[in-house]
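To start, the structure itself, in structure tokens.
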Amino acid sequence: MTLKIEKPDIDFRSKFLELDKKSGTFGSRLLQSETSYEAQRLLGSGRNMCVNGGFEIWQKGSTQTKGGNGYSYDFAPDQWFVYFAGTYERGEDYIPTGQRVRTLKYTINQVSGVERPNFSTIVENGANLVGKGPITLSWWQRASKEAPTGIRPRAYSANGGEFSGSYSVSTPGIVNDYEAPITTYWQYKTKVLRPDSNMSNFDHLVIEMDGDPSHWQGGDWVEIANFQIERGDVATEFEYKSYGEHLRECQRYLWSPYLDPDYINNSGGLSSGGYLGVYNTTSRITLHVPYPVTMARRPTVNTSKSNPQLAYNVAFVAGGLTGNFDSIEHAGQNSAVLNFSSLSTTNNVGTPVSAAYLGVEFEAQL
């Protein structure tokens, strides 16, 4: 029996031409990658570790004025915290790519002469994920005037819970002090930060954007957009997500149970809640409140609005009734049971109610 084996013709000319193609240093490194993880690391894809880097979500209100200096979440977009006095607001503009973006805009209020841009964000378990690094930051920036030193990106690491209130950090501390000059027009910036030592023994990662006080005075403003944090040493295109995706990520750390905080703040209107409760005494209501997502930890409950903090309805009773937050019966990572008193109307024990509005916030910030 005879076997006939045929091989396809080889076009040697095209093969030689392929050898002449320039791939560059980066292309050569990518071609030499032996695993998908190595290629992903070179491409910087693992995507954006920054929550709300597009500055879409401002559950505490989209314009906030901070009267003094000190670290606080209360005046910034979700998952960001700020230090210096001034006005923090959600802006909107078109960057040179033609894309419409939401922005974080800070206008300085000079209180003690050291006020400057200072924005920070926390990546949950980020230090552990980064390990030896590197970390690549990318963002757009502009200001009301040019500043040679601009904004200086820095990285910190710490163990769980240490950022609450006091903003204490563990080693490795500040890494790669760096100046990003800023102009009056939108510019795209990138910076690779390399940890001074292995961060894998720590939990959370803080990225701080800090200004030079010698270049900033009262009335000056700084604006940033599309902030991205990636593992690896290559910045990739900003990862856009839907408003719903951003909101769910933010609600893991903070949840304000009203549908549109801007509408509530400006108009005093009530959103539809549908949370069910009951009169457990004739003058107090117990209300069950499920969260939309599992929170990062057991949250604290804070009143976020002045009276009333509860608007509710009772079947066959005309008009809306009101009350104020009294105490926590239970607060877990998935739901809470809250007590409300100072009710506008008393009712029999066991009378069911349906809440239309809750003026409280559930906070589980790191």
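The structure presented is a predicted model; accordingly, all values stated were derived computationally and were not measured.
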- Item | Full working for side-chain hydrogen bond (donor to acceptor under 3.5 Å, both in side chains) between Glu179 and Thr149 | CA-CA 5 Å; Glu179 295 175 352; Thr149 53; 5.2 Å; no
- Begin with the C-alpha distance, continue with both residues' side-chain angles, and end with the deciding distance and a verdict on side chain to side chain contact (heavy atoms under 4.5 Å, CB included) for Val337 and Val289. CA-CA 6 Å; Val337 178; Val289 185; over 6 Å; no
- Message: One pair to check against side chain to side chain contact (heavy atoms under 4.5 Å, CB included): Trp140 and Thr97. What are the steps and the verdict?
- Response: CA-CA 11 Å; Trp140 288 85; Thr97 62; 3.8 Å; yes
- Message: Between Tyr106 and Tyr88, does the ring pair (Phe, Tyr, Trp, His ring centres under 6.0 Å) criterion hold? Intermediate values first, please.
- Response: CA-CA 5 Å; Tyr106 166 55; Tyr88 297 88; 4.6 Å; yes
- Query: How far apart are the C-alpha atoms of Val278 and Ile285, what are their side-chain angles, what is the distance that settles it, and do they pass the side chain to side chain contact (heavy atoms under 4.5 Å, CB included) test?
  - Reply: CA-CA 6 Å; Val278 65; Ile285 287 173; over 6 Å; no
- Query: Does the pair Asn226 and Tyr240 meet the rule for a side-chain hydrogen bond (donor to acceptor under 3.5 Å, both in side chains), with working shown?
  - Reply: CA-CA 9 Å; Asn226 283 12; Tyr240 283 95; 2.8 Å; yes
- Chi angles and distances behind the side-chain hydrogen bond (donor to acceptor under 3.5 Å, both in side chains) call for Trp58, Asn52: CA-CA 9 Å; Trp58 297 62; Asn52 201 28; over 6 Å; no
- Message: Run Lys105 and Arg90 through side chain to side chain contact (heavy atoms under 4.5 Å, CB included) and show every step you take.
- Response: CA-CA 6 Å; Lys105 184 177 182 180; Arg90 183 176 65 188; over 6 Å; no
- Task: Check step by step if side-chain hydrogen bond (donor to acceptor under 3.5 Å, both in side chains) holds for Asn339 and Glu329.
- Result: CA-CA 6 Å; Asn339 297 313; Glu329 191 75 17; 2.8 Å; yes
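Between the side chain of Asp233 and the backbone N or O of Pro134, no donor-acceptor pair lies under 3.5 Å. Using modelled atom types, one side-chain atom of Asp78 and one backbone atom of Gln59 make a donor-acceptor pair closer than 3.5 Å. Gln99 places no side-chain N or O within donor-acceptor distance of the main-chain N or O of Ile95, the cut-off being under 3.5 Å. A donor-acceptor distance shorter than 3.5 angstrom exists from the side chain of Asn128 to the backbone of Ser200, with no hydrogens or angles considered. Between the side chain of Ser120 and the backbone N or O of Glu208, no donor-acceptor pair lies under 3.5 Å. In this structure, Arg152 contributes its side chain and Ala180 its backbone to no donor-acceptor pair below 3.5 Å. Under a 3.5 Å cut-off, the side chain of Gln64 and the backbone N or O of Ala76 do not form any donor-acceptor pair. Of the possible polar contacts, none joining the Thr184 side chain to the Ser144 backbone as a donor-acceptor pair under 3.5 Å is found. Under a 3.5 Å cut-off, the side chain of Glu223 and the backbone N or O of Arg142 do not form any donor-acceptor pair. Not a single donor-acceptor pair under 3.5 Å links the side chain of Gln251 to the backbone N or O of Val293.
Closest non-hydrogen pair, Pro117 versus Val222, comes out as CG-CG2, 3.5 Å. Taking every heavy atom of both residues into account, Pro181 and Gln187 meet most closely at O-OE1, 4.0 Å. Smallest separation of non-hydrogen atoms from Gly133 and Pro195: CA-CD, 3.7 Å. Taking every heavy atom of both residues into account, Pro77 and Leu104 meet most closely at CD-CD1, 3.8 Å. For the pair Ala296 and Ala364, the tightest heavy-atom approach, listed with the atom from each and the gap, is CB-O, 4.0 Å. Closest of all the heavy-atom pairs between Leu310 and Leu358 is CD1-CD2, 3.6 Å.
In this structure, the side chains of Lys66 and Val82 come closer than 4.5 Å at one or more pairs of heavy atoms. Taking the side chain as every heavy atom from C-beta outward, Lys60 and Ser256 never approach each other to under 4.5 Å. The shortest side-chain heavy-atom distance between Thr136 and Thr236 does not fall under the 4.5 Å cut-off. Looking at heavy atoms from C-beta onward, Ile135 lies in side-chain contact with Leu205 at the 4.5 angstrom threshold. When side chains are defined from C-beta on, Thr345 does not count as touching Val317, because their heavy atoms never get closer than 4.5 Å. No side-chain heavy atom of Ile151 sits less than 4.5 Å from a side-chain heavy atom of Asp210. Using a 4.5 Å heavy-atom cutoff, the side chains of Glu230 and Met49 are not in contact. Between Leu276 and Val353, every side-chain heavy-atom pair lies at or beyond the 4.5 Å cut-off.
Here the rule is ring-ring contact (aromatic ring centres under 6.0 Å, His included) with Phe227, and of Trp80, Phe55, Phe119 only Trp80 fits it. Screening Gln365, Glu124, Glu363, Gln79 for a side-chain hydrogen bond (donor to acceptor under 3.5 Å, both in side chains) with Tyr253, the sole residue that qualifies is Glu124.
No continuous path of hydrophobic side-chain contacts links Ile224 to Tyr188 [ILVMFWY only; heavy atoms under 4.5 Å]. Val301 and Tyr291 fall within a single hydrophobic cluster, where Ile, Leu, Val, Met, Phe, Trp and Tyr side chains are chained together by heavy-atom contacts under 4.5 Å. Residue Ile328 is grouped with residue Leu343 when hydrophobic side chains (ILVMFWY) are merged at heavy-atom distances under 4.5 angstrom, including chains of intermediate members. Transitive grouping of hydrophobic side chains (ILVMFWY, heavy atoms separated by less than 4.5 Å) keeps Tyr357 and Leu254 in distinct clusters. Linking ILVMFWY residues whenever their side-chain heavy atoms come closer than 4.5 Å, directly or via other members, places Ile108 and Phe75 in the same cluster.
If you take OG on Ser138 and CZ on Phe238, they are separated by 8.0 Å, rounding to the nearest 0.5 Å. Distance check, rounded to the nearest 0.5 Å: CD of Gln217 to NZ of Lys145 gives 3.5 Å. We find the CZ-OG1 distance between Arg284 and Thr282 to be 11.0 Å, quoted to the nearest 0.5 Å. The CZ atom of Phe340 lies 9.0 Å from the CG atom of Asp326; values are rounded to the nearest 0.5 Å. Note that OG of Ser335 is 12.5 Å distant from OH of Tyr275, once rounded to the nearest 0.5 Å. Atom NE2 of His246 is separated from atom CD of Glu56 by 6.0 Å, given to the nearest 0.5 angstrom.
Counting non-hydrogen atoms of other residues, nucleotides and ligands closer than 6.0 Å to CD of Glu245 gives a total above 12.
Defined by atom type and a distance below 3.5 Å, a donor-acceptor pair is present between the side-chain atoms of Asn69 and Glu115. Between the side chains of Asn313 and Ser354, not a single donor N or O lies within less than 3.5 Å of an accepting N or O.
Using cut-offs of 30° and 60° on the angle between ring planes, the pair Tyr83 and Tyr71 is perpendicular. Under the 30°/60° scheme for interplanar angles, the aromatic rings of Trp255 and Phe362 are found to lie parallel.
Under the rule for a side-chain contact (heavy atoms from CB on, under 4.5 Å), the partners of Thr351 that lie at least two apart in sequence or sit in another chain are Tyr279, Val314, Asn347, Asn348.
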